[in-house]
Amino acid sequence: MAGRSTVPGDVVDAHVHLFARGLFLEQVERGRALPEPLARALETRRLGRRGEPLPDLAPEEMAAWYAHRLDEAGIAKAVVMSVFEDSEYMRRFVRAAAGRIFALTTLDPTASGAAVLLEREMAAGFRGVKLLPVNRHFYLSDPACRPFFEKAAELACPITVHYGVTIGPTGDLRYADPTDLSPVARDFPEITFVIAHFGAGYFSETLRLAYQCDNVCVDSSGTNNWMDYDPHGFTLAQVFERALLALGPERILFGTDSGTTAPYRSWIAYQQRRTLEEIGLGERERDTILRRNAVRIFSLDEEELR
Ligand SMILES: [Zn+2]
């Protein structure tokens, strides 16, 4: 499934997910506790609010399945956010999907072995790290994270962070404020940070952080239903406009937050592409958001970058 280099007009989804029975099973086999909805999904083979079927495919089959699904949706490349750390299933998927679908690993940056694990995962082909402070309950400003960030800086490893509200069952909003990243983004300018979902309810904090630190970007992924809980009453067009004003097009990445149980979220891709047109962005700026930023930050078109 060799991936070709992207060209203007292609769309790259910088934030998708992978849920598969084998991935969950691996966790159980390694003695790790699964959150309740995932444990139930192992038995019922269904996941999510609508009880969609959970794919039961080997990693290599999953890579082919995923590539086909992107073909159908007209998406050139995609970046999967891992939800489990140190997963052989994900490593096999990354190898099989090489060139077309990429992945960020995930880990606990406060753990003593985090730097070593990061080095190993990057060598295995991951393109960065996804951190989940809200779900895993850590502060990135914690000095215990320093060795991890030093390694990430050495490897020029991009980091996507989910702050803000979450549908995850373990969410704790005490860890949700992107302001916590401020001293880290300041001290590690070599690392590109991508705040997922425009900060998921912490849009103001995200913009303030981005004001302080040039190395902070946002992704637009998901339904952005956090807007319903935001007193500003922004529309998606206004969110994009504020982000463009504050960050510029080079620091906004397109994403849908699609999983693998429900169908690919073509409606979100359509809605966001239309919104970018409606607010009057030119072709070049739209291409920057829809393709170029993800390619640059996550090194998705290797042959051109070397
Ligand atoms: Zn996500």
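Atoms within a ligand are numbered from 1 in the order they appear, just like the ligands themselves.
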Lys/Arg N to Asp/Glu carboxylate O, Arg296 vs Asp301, below 4.0 Å:
no

Using a cut-off of 2.8 Å, how many protein N, O or S atoms lie below it in distance from the Zn ion (ligand 1)?
3

So, Asp10 and Lys77, do they make that salt bridge, N to O below 4.0 Å?
no

Could you identify which residues cluster with Trp267, counting Ile, Leu, Val, Met, Phe, Trp and Tyr as linked when any side-chain heavy atoms lie under 4.5 Å apart, either directly or through a chain of such contacts?
Ile268

Assess whether side-chain contact (heavy atoms from CB on, under 4.5 Å) is satisfied between Phe102 and Val12, documenting all intermediate values.
CA-CA 11 Å; Phe102 301 83; Val12 174; over 6 Å; no

Verify, without hydrogens or angle tests, whether Ser258 (side chain) and Arg265 (backbone) share a donor-acceptor contact under 3.5 angstrom.
yes

Closer than 3.5 angstrom, by distance alone: can the side chain of Arg100 be matched with the main-chain N or O of Ala76 as a donor-acceptor pair?
yes

